[in-house]
Amino acid sequence: EKVLRARLSDARFFYEEDQKLKIETALEKLEKIVYHEELGTLGDKVRRIRANAEQLAQAWGLDAETRRKVDRAAAICKFDLVTQMVYEFPELQGVMGEDYARLAGEDEEVARAVFEHYQPRFAGDSAPSSRVGAVVGMADKLDTIAACFSIGIVPTGSQDPYALRRQAAGIVQIIREHGLALTLTRLFDIALAGLRDTIGLKRPEDEIIRDLTEFFGLRVKNVLSEFARYDVVDAVMGAGADDVLATIRKAKALQDHL
C-alpha cells in the first residue's frame, strides 16, 4: 500500500505539472530530441508526418475541414513525449496526449487522433476508427518504415528492433478497414518524397522501393492467408499486391468460387 500510494501521488504530481506545459512549448522541445542520428530530431519527424498526412488526405479526397484537422493532429501527435507522465510511464504515449490535448481545448477529433495514430499497437488491436486518426497513423508509420529502409535498416529473420513489420501490418489493416483505394506505389512515393525533401535518401531510390514492395507484399500475403488457401494466395500474389484492396477482393472471390 505504501508503494502504491507513493506511485499514485507521483502520477498525480506529474499530471498536474504537465497541465502547465503549453502544447507549443512541448513542440519546441521536440526539436532538441534526437529521433535517430541519421534521421534528425523528433521535430524533423513531425514535419515529415505532416507532409505525408497532407498528401494522404488529398489522395483520400477528404474535405477541407477534415484536412485542417488532419494537419493539426499531425502537428501535435508527438507532443506528449516530452511530458513528465510519459517520461515516467512510456506506455502512456498517446493516451496522455489525447487527454492533455482535450484539456488544452483542442478539437475532439484532433485530440482523439493523437491517441489513435498509434493504433494498431499490437496484433489483434483495432485500427483507428476516425479518418483523421487513420491518415495521421498511416503518415507516421509510413515515415518510420521508409526512413529506416532508406538508411539500410531492413528487418531480417527475427531482427526487427523498430517493429517495422507491425507498423507495415498496421498500414495494411487501415487500408483494409477503411476501404482505401490507395496503391502501395503511391504510398511509397509520398513517403520517399518527404524524405528526399528533408534528409535526402542514403540508398538508391529503386533499391528502397524494391525492398519496400517485397516487405509489404509479405504483410498482404499474411492477411490473405487468414481466409484463403495457400494456392489461392500464391495465384493472387502472382499478379503483385500493389492495390491492396483489389488483391484482398480477388483472393476472396477465388476462395468463394473454389
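Values below: every heavy atom of this structure, side chains too, minus hydrogens, waters and symmetry copies. The chain is numbered in sequence order, starting from 1.
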Chemist: Any chain of hydrophobic side-chain contacts (each under 4.5 Å) joining Val223 to Leu218?
Modeler: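 Each belongs to a different hydrophobic cluster.
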Chemist: Looking only at heavy atoms, what is the nearest atom pair of Ala11 and Met85, with distance?
Modeler: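 Heavy atoms only, the tightest pair is O-CE, 3.5 Å.
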Chemist: Do Tyr87 and Leu27 belong to the same hydrophobic cluster, where Ile, Leu, Val, Met, Phe, Trp and Tyr are linked whenever their side-chain heavy atoms lie under 4.5 Å apart, directly or via other members?
Modeler: no
Chemist: Taking all non-hydrogen atoms of both residues into account, name the closest pair between Ile174 and Ala127 and its distance.
Modeler: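 For Ile174 and Ala127, the tightest heavy-atom pair comes out as CG1-CB, 4.1 Å.
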Chemist: With the side chain counted from C-beta on, respond yes when Val82 and Leu21 share a heavy-atom pair under 4.5 Å apart, and no when they do not.
Modeler: yes
Chemist: Less than 4.0 angstrom from a charged side-chain N to a carboxylate O is my criterion; do Glu106 and Arg72 meet it?
Modeler: yes
Chemist: State plainly whether one hydrophobic cluster holds both Tyr230 and Val232, where clusters connect Ile, Leu, Val, Met, Phe, Trp and Tyr through side-chain heavy atoms under 4.5 angstrom apart.
Modeler: no
Chemist: Check Arg131 with Glu109, please: is the shortest side-chain N to carboxylate O separation under 4.0 Å?
Modeler: no
Chemist: If every non-hydrogen atom of Ala168 is compared with every non-hydrogen atom of Arg219, which pair is closest and at what distance?
Modeler: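 Taking Ala168 first and Arg219 second, the nearest heavy atoms are CB-CG, 3.7 Å.
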Chemist: What I'd like to find out is whether the side chain of Asp234 reaches to under 4.5 Å of the side chain of Lys221, using heavy atoms alone.
Modeler: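 Touching, per the 4.5 Å side-chain cut-off.
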Chemist: Within 45° of the axis and under 6.0 Å from the centre of the six-membered ring of Phe188, does NZ or CZ of Arg186 qualify?
Modeler: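 Ring-cation test returns no.
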Chemist: Does some side-chain heavy atom of Ile49 sit less than 4.5 Å from a side-chain heavy atom of Lys45?
Modeler: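 Yes. Closest side-chain heavy atoms under 4.5 Å.
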Chemist: For residues Val95 and Val86, determine if any side-chain heavy atom of one lies less than 4.5 Å from a side-chain heavy atom of the other.
Modeler: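 SC-SC contact between Val95 and Val86 ruled out.
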Chemist: Going by the angle between their ring planes, with limits at 30° and 60°, are Phe14 and Phe89 parallel, tilted or perpendicular?
Modeler: perpendicular
Chemist: If only atom types and distance count, is the side chain of Arg229 paired as donor or acceptor with the main-chain N or O of Gln255 below 3.5 Å?
Modeler: no
Chemist: Less than 3.5 Å apart, any donor N or O on the side chain of Asp44 or Thr41 sitting next to an acceptor on the other?
Modeler: yes
Chemist: As a quick check of understanding, evaluate side-chain contact (heavy atoms from CB on, under 4.5 Å) for Arg67 and Val135, giving each step before the final call.
Modeler: CA-CA 10 Å; Arg67 290 214 305 268; Val135 170; over 6 Å; no
Chemist: For Arg165 and Gln159, work out which heavy atoms get closest and say how close.
Modeler: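 Heavy-atom minimum between the residues: NH1-O, 4.0 Å.
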Chemist: With side chains defined as the heavy atoms from C-beta onward, is the minimum distance between Glu205 and Leu192 less than 4.5 Å?
Modeler: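 A side-chain contact exists here, since the closest heavy-atom pair is under 4.5 Å.
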Chemist: Any carboxylate oxygen within less than 4.0 angstrom of a Lys/Arg side-chain nitrogen, looking at Glu65 and Arg68?
Modeler: yes
Chemist: Using a 4.5 Å cut-off on heavy atoms from C-beta on, say whether the side chain of Asp18 contacts that of Met96.
Modeler: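 Counting from C-beta outward, Met96 and Asp18 never come under 4.5 Å.
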Chemist: Walk me through whether Tyr162 and His36 qualify under side-chain contact (heavy atoms from CB on, under 4.5 Å).
Modeler: CA-CA 11 Å; Tyr162 292 89; His36 185 285; 3.3 Å; yes
Chemist: Between Glu214 and Arg210, is there a salt bridge with N-O shorter than 4.0 Å?
Modeler: no
Chemist: Would you confirm whether Arg112, through its side chain, and Glu98, through its main-chain N or O, come within 3.5 Å as a donor-acceptor pair?
Modeler: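 Such a contact is absent between Arg112 side chain and Glu98 backbone.
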Chemist: Distance alone, cut at 3.5 Å: any donor-acceptor contact between the side chains of Thr183 and Asp243?
Modeler: no
Chemist: Linking I/L/V/M/F/W/Y whenever their side-chain heavy atoms sit closer than 4.5 Å, directly or via other members, would Val233 and Phe227 fall into one cluster?
Modeler: yes
Chemist: Quick check: is Ile33 connected to Leu92 through a chain of hydrophobic side chains (ILVMFWY, heavy atoms under 4.5 Å apart)?
Modeler: yes
Chemist: If we only count heavy atoms from C-beta on, is the Asp99 to Phe115 side-chain gap below 4.5 Å?
Modeler: no
Chemist: Take Phe216 and Ile145 through the side-chain contact (heavy atoms from CB on, under 4.5 Å) test and state the conclusion after the steps.
Modeler: CA-CA 10 Å; Phe216 272 84; Ile145 297 166; 3.8 Å; yes
Chemist: Between His117 and Val114, is there a donor-acceptor pair closer than 3.5 Å when you use the side chain of the first and the backbone of the second?
Modeler: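 Yes.
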Chemist: Are the side chains of Gln119 and Pro128 in touch, meaning some heavy atoms are under 4.5 Å apart?
Modeler: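 Side chain of Gln119 against side chain of Pro128, heavy atoms only: contact under 4.5 Å found.
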Chemist: Rounded to the nearest 0.5 Å, how far apart are CG of Leu42 and NZ of Lys32?
Modeler: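 Going from the CG atom of Leu42 to the NZ atom of Lys32 covers 12.5 Å.
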Chemist: Nearest heavy-atom pair of Leu245 and Ala181: which atoms, and what distance?
Modeler: CD1-N, 4.1 Å
Chemist: Go through the steps for Val136 and Tyr118 under the test side-chain contact (heavy atoms from CB on, under 4.5 Å), then give the verdict.
Modeler: CA-CA 9 Å; Val136 179; Tyr118 286 107; over 6 Å; no
Chemist: Is there a donor in the side chain of Thr83 and an acceptor in the side chain of Asp80, or the other way round, less than 3.5 Å apart?
Modeler: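 Short answer, no.
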Chemist: Would you call the rings of Trp60 and His178 parallel, tilted or perpendicular if under 30° counts as parallel and over 60° as perpendicular?
Modeler: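 Aromatic pair Trp60/His178 classed perpendicular.
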Chemist: Could Lys202 and Glu37 be called an ion pair, given the rule that one side-chain N must be under 4.0 Å from one carboxylate O?
Modeler: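 Salt bridge: no.
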Chemist: Would you kindly say whether Gln84 and Glu88 are connected by a side-chain donor-acceptor distance under 3.5 Å?
Modeler: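 No, Glu88 and Gln84 have no side-chain donor paired with an acceptor closer than 3.5 Å.
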Chemist: Nearest 0.5 Å, what's the CD1-CD distance between Ile190 and Gln58?
Modeler: 9.0 Å
Chemist: Judged by atom type as modelled, is there a donor-acceptor pair below 3.5 Å linking the side chain of Thr213 to the main-chain atoms of Ile209?
Modeler: yes
Chemist: Using 0.5 Å steps for rounding, measure from the CG atom of Leu39 to the OG1 atom of Thr144.
Modeler: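 The distance works out to 9.0 Å.
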Chemist: Please report the interatomic distance CG(Leu8) to CZ(Arg5), rounded to the nearest 0.5 Å.
Modeler: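 Spacing of CG (Leu8) from CZ (Arg5) equals 8.5 Å.
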Chemist: As an exercise, state the distance from CG of Asp107 to CZ of Arg102, rounded to the nearest 0.5 Å.
Modeler: 10.5 Å
Chemist: Report yes or no: does Lys252 contribute a side-chain atom to a donor-acceptor pair with the main-chain N or O of Thr247 at less than 3.5 Å?
Modeler: no
Chemist: With Asp140, which of Arg48, Lys78, Arg50 fulfils salt bridge (charged side-chain N to carboxylate O under 4.0 Å, His left out)?
Modeler: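 The passing option is Lys78.
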Chemist: Give, for atom CG of Leu164 and atom CZ of Phe215, the distance between the pair rounded to the nearest 0.5 Å.
Modeler: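 The CG atom of Leu164 sits 5.5 Å away from the CZ atom of Phe215.
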Chemist: Give the C-alpha distance, both sets of side-chain angles, the deciding distance and a yes or no for salt bridge (charged side-chain N to carboxylate O under 4.0 Å, His left out) between Arg12 and Glu17.
Modeler: CA-CA 9 Å; Arg12 169 177 279 179; Glu17 283 297 301; over 6 Å; no
Chemist: How far apart are the closest heavy atoms of Ala139 and Ala53, and which atoms are they?
Modeler: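 Looking at all heavy atoms of both residues, the shortest contact is CB-N, 3.6 Å.
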